[in-house]
Amino acid sequence: MVVSVRSWVANEGGKHLVLMLWLAANTWLFLKTFLLYSTGQQYHYLYKMLGPGLCISRASASVLNLNCSLVLLPMCRSLLTFVRGSHTVSSRKTRRLLDKSKTFHVACGVAICIFSVVHVSAHLVNVINFSVSYSDDFPALNLARYRGEVRHTHIPGVTGVLLVLILFLMFTSSSYCVRVSNYEIFWYTHNLFIVFYIILMVHMVGGALKYQTNIEAHPPGCLRANQSGAEQLGEELEQGEDEERRCREEAHFQPHYPQTWLWVSGPLCLYCAERFYRYIRSCDPVTIVTVIRHPCDVIELRMLKKNFKARPGQYIVLNCPGVSSFENHPFTLTTCPTENKETFGIHLRVVGDWTGGGKYKYMCVCLSGFSANRLVYFCQRCVFRLYVDGPFGSPSEEVFNYDVSLCVAGGIGVTPFACVLHALLDGWKGFRLQRLYFVWVCRELQSFYWFAELLCAVHHKLWQENRPDYFNLKLFISQTDNLQEKYRPLTSRLLVGRPRWKLLLDEIAKTNNNKRVGVFCCGPKGISRTLHRLCNSARSSGTTFEFNKESFS
């Protein structure tokens with residue numbers, strides 16, 4: 001498959017530009033610090049004692065400081081939502097880059113792990129060199145108290161071990177298999193970052209590495225009072241030259257002032273301020289208005305919260321103390337508040353150890369059988385209260401910002417686009433969208449009943465407005481059956497088997513020559529990878545497909 005330069009630049013250009021800038025910043029900082037410690041006069045004696053291990057340990061520490069400050073910024077969800085919602089501040093390209101914030105967070109995390117290994121390895125070499133190269137001439141430089149001692153119980157050593165242990169737990173629990181099998185392990189261990197940053201800021205307090213403060217009075221390599229030029233240089237010097245090289249005073253050393261807090265205090269304060277803002281915003285429990293049980297273990301919750309506003313495509317973070325006090329899970333809004341109604345809704349599939357837990361199933365079964373008055377009373381009195389944080393921005397917000405958009409959903413991945421369809425049905429104003437292609441792939445026929453009424457309502461509305469070409473719907477299913485009679489308009493769009501993605505994109509390209517088509521995907525990795533690859537391929541029609549993957553941060 002031939003890759004189109006234009007399509008590749010549209011989909012990958014900005015992401016790879018940021019990646020190259022990030023790599024360049026890391027490389028420059030590493031080399032600058034390495035050269036400083038290897039050639040700087042203030043580190044002359046320390047470098048002679050420790051060798052390259054000094055340079056590598058300090059250079060890796062500089063890179064760690066940079067990434068420990070950057071890794072927090074992509075997690076400032078409210079700030080990112082504000083930036084992407086301000087069209088005067090961010091363009092569509094900038095907003096698409098903001099959607100990669102989770103990827104950047106992961107990249108910074110991987111860099112922290114890699115350079116932590118380098119940093120620890122270099123310091124292990126330094127500890128040995130402190131022992132082997134014990135200096136009798138400059139006792140202040142020594143970490144060891146005597147030659148042959150391997151000292152590792154000082155503050156940097158103890159805090160370093162704790163940091164490595166916490167980082168190991170966070171890294172291993174972040175793997176895909178752990179997150180899928182037991183999300184609680186990931187959630188609790190990842191919150192150890194608070195302890196990690198506290199220890200990090202006191203890591204350098206011990207002052208194990210020292211630099212010379214009196215370079216002018218004691219130039220590195222000068223002759224001390226009890227040392228001759230022959231001893232120093234291995235050759236005889238004239239008396240005048242010997243006097244010029246004589247030290248005016250002994251070398252003075254002092255430990256470095258801790259600098260890590262200068263790097264991380266700004267992002268850490270920003271992150272803490274946002275978390276406090278989010279806590280205040282989400283402290284009021286929501287009122288559950290309706291609970292509807294759908295086929296295939298899907299529950300629809302309709303809720304009400306004062307002053308809650310959201311845009312189609314956004315998501316919220318849900319907390320249910322009755323299930324788990326500290327777990328927060330993202331769910332896409334399937335209905336947004338409008339001028340006519342204040343309620344908002346989500347669809348939850350009862351799977352996993354949180355939504356599939358015993359307490360949560362009990363709550364859903366109980367609430368779905370209550371009347372409206374008893375439902376409000378029960379939610380106010382019982383332990384099954386819900387707290388909502390958000391809304392937050394997502395790639396699906398951009399559906400309305402293209403002339404032509406293609407939405408591809410796999411199973412419950414239809415939820416980001418349900419709110420888009422509700423917006424079309426409710427007469428949402430102020431968007432440029434001229435044509436919408438909607439593809440929904442499911443294994444079971446019953447899954448289409450989640451939003452069958454919504455799809456039919458949008459279909460009828462557009463036919464009544466004489467815009468039948470505005471909404472192009474295709475449903476794919478792996479099992480054959482008959483739809484209920486009231487959903488008969490969907491039967492003509494129902495196809496058996498898997499979509500032939502290349503033919504589908506080629507058909508859309510021919511219909512929309514020389515246009516930019518926004519492709520939005522929320523579903524299994526197999527579908528998203530195929531669409532991503534096809535969006536980068538070349539086409540004779542000149543149509544550019546911009547790929548957007550739904551991914552909660």
Side-chain angles (χ1 to χ4, degrees), residues 1-20 84 90-104 106-107 313 332 393-411 413-417 420 431-441 471-476 495 497-553:
M1 186 179 298
V2 180
V3 176
S4 168
V5 175
R6 180 182 176 184
S7 299
W8 187 91
V9 170
N11 288 308
E12 317 293 340
K15 177 178 67 176
H16 283 79
L17 177 61
V18 173
L19 177 63
M20 294 303 296
R84 70 168 298 128
S90 60
S91 63
R92 189 170 69 190
K93 292 182 179 179
T94 305
R95 294 194 297 271
R96 294 186 68 217
L97 282 178
L98 294 177
D99 295 332
K100 306 294 183 182
S101 59
K102 181 181 177 180
T103 304
F104 186 69
V106 173
T332 309
S394 76
S396 298
E397 285 187 74
E398 297 298 310
V399 170
F400 294 116
N401 294 327
Y402 289 89
D403 293 327
V404 182
S405 291
L406 166 64
C407 298
V408 179
V414 71
T415 53
F417 312 122
V420 173
F431 53 81
R432 60 183 287 186
L433 185 65
Q434 300 297 317
R435 180 172 295 172
L436 176 64
Y437 295 87
F438 185 79
V439 180
W440 189 6
V441 184
F471 183 51
N472 190 305
L473 173 65
K474 293 183 182 294
L475 307 175
F476 291 85
L495 303 172
R498 297 181 179 180
R500 302 177 69 178
W501 298 113
K502 188 177 186 305
L503 293 179
L504 177 63
L505 264 64
D506 288 342
E507 178 184 345
I508 295 175
K510 292 178 181 178
T511 309
N512 304 276
N513 290 336
N514 299 316
K515 288 186 177 181
R516 287 184 178 267
V517 179
V519 179
F520 301 85
C521 178
C522 185
K525 287 185 177 180
I527 295 178
S528 63
R529 288 172 180 171
T530 301
L531 285 174
H532 195 177
R533 186 176 66 253
L534 289 172
C535 287
N536 289 338
S537 62
R539 287 177 178 82
S540 58
S541 60
T543 305
T544 302
F545 289 91
E546 295 187 355
F547 182 77
N548 301 269
K549 175 70 168 66
E550 190 73 29
S551 178
F552 300 120
S553 56

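Residue numbers run from 1 in the order of the sequence given.
Under the 4.0 Å criterion applied to side-chain N and carboxylate O atoms, Asp403 and Arg516 are not assigned as salt-bridge partners.
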- [ ] Report the C-alpha distance between Lys525 and Lys549 in whole Å, list the side-chain angles of each, state the deciding distance to 0.1 Å, and finish with yes or no for side-chain contact (heavy atoms from CB on, under 4.5 Å).
- [x] CA-CA 10 Å; Lys525 287 185 177 180; Lys549 175 70 168 66; 6.0 Å; no
Task: Full working for side-chain contact (heavy atoms from CB on, under 4.5 Å) between Phe547 and Ser528 - done: CA-CA 9 Å; Phe547 182 77; Ser528 63; 4.2 Å; yes
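Taken to the nearest 0.5 Å, the OH atom of Tyr437 stands 9.5 Å off from the NZ atom of Lys474. Going from atom CZ of Phe400 over to atom CG of Leu436 covers 8.0 Å, rounded to the nearest 0.5 Å. To the nearest 0.5 Å, atom CG of residue Leu19 and atom NZ of residue Lys100 are 12.5 Å apart. In this structure, Asn11 CG and Thr544 OG1 are separated by 8.5 Å, a value rounded to the nearest 0.5 Å.
Taking the six-membered ring where the residue is Trp, Phe438 and Phe471 present tilted rings, their angle falling between 30° and 60°.
The closest side-chain heavy-atom distance from Ile527 to Trp501 is below 4.5 Å. Looking at heavy atoms from C-beta onward, Trp8 lies in side-chain contact with His16 at the 4.5 angstrom threshold.
Partners of Phe545 according to the ring-ring contact (aromatic ring centres under 6.0 Å, His included) rule, which considers only residues two or more places apart in sequence or in another chain, do not exist here. Partners of Arg498 according to the side-chain hydrogen bond (donor to acceptor under 3.5 Å, both in side chains) rule, which considers only residues two or more places apart in sequence or in another chain, do not exist here.
When each of Thr511, Val517, Asn472 is checked for a side chain to side chain contact (heavy atoms under 4.5 Å, CB included) with Arg435, only Thr511 meets the rule.
Side-chain contact, Asn548 with Glu398: no donor N or O sits under 3.5 Å from an acceptor N or O.
A donor-acceptor pair under 3.5 Å links the side-chain atoms of Arg92 to the main chain of Asn401, judged by distance alone. Between the side chain of Trp440 and the backbone N or O of Phe476 there is no donor-acceptor pair closer than 3.5 Å. Checked by atom type and distance alone, the side chain of Thr543 pairs as donor or acceptor with a backbone atom of Asn512 at under 3.5 Å.
Considering every non-hydrogen atom in both Ser405 and Val399, the closest pair reads OG-O, 2.8 Å.
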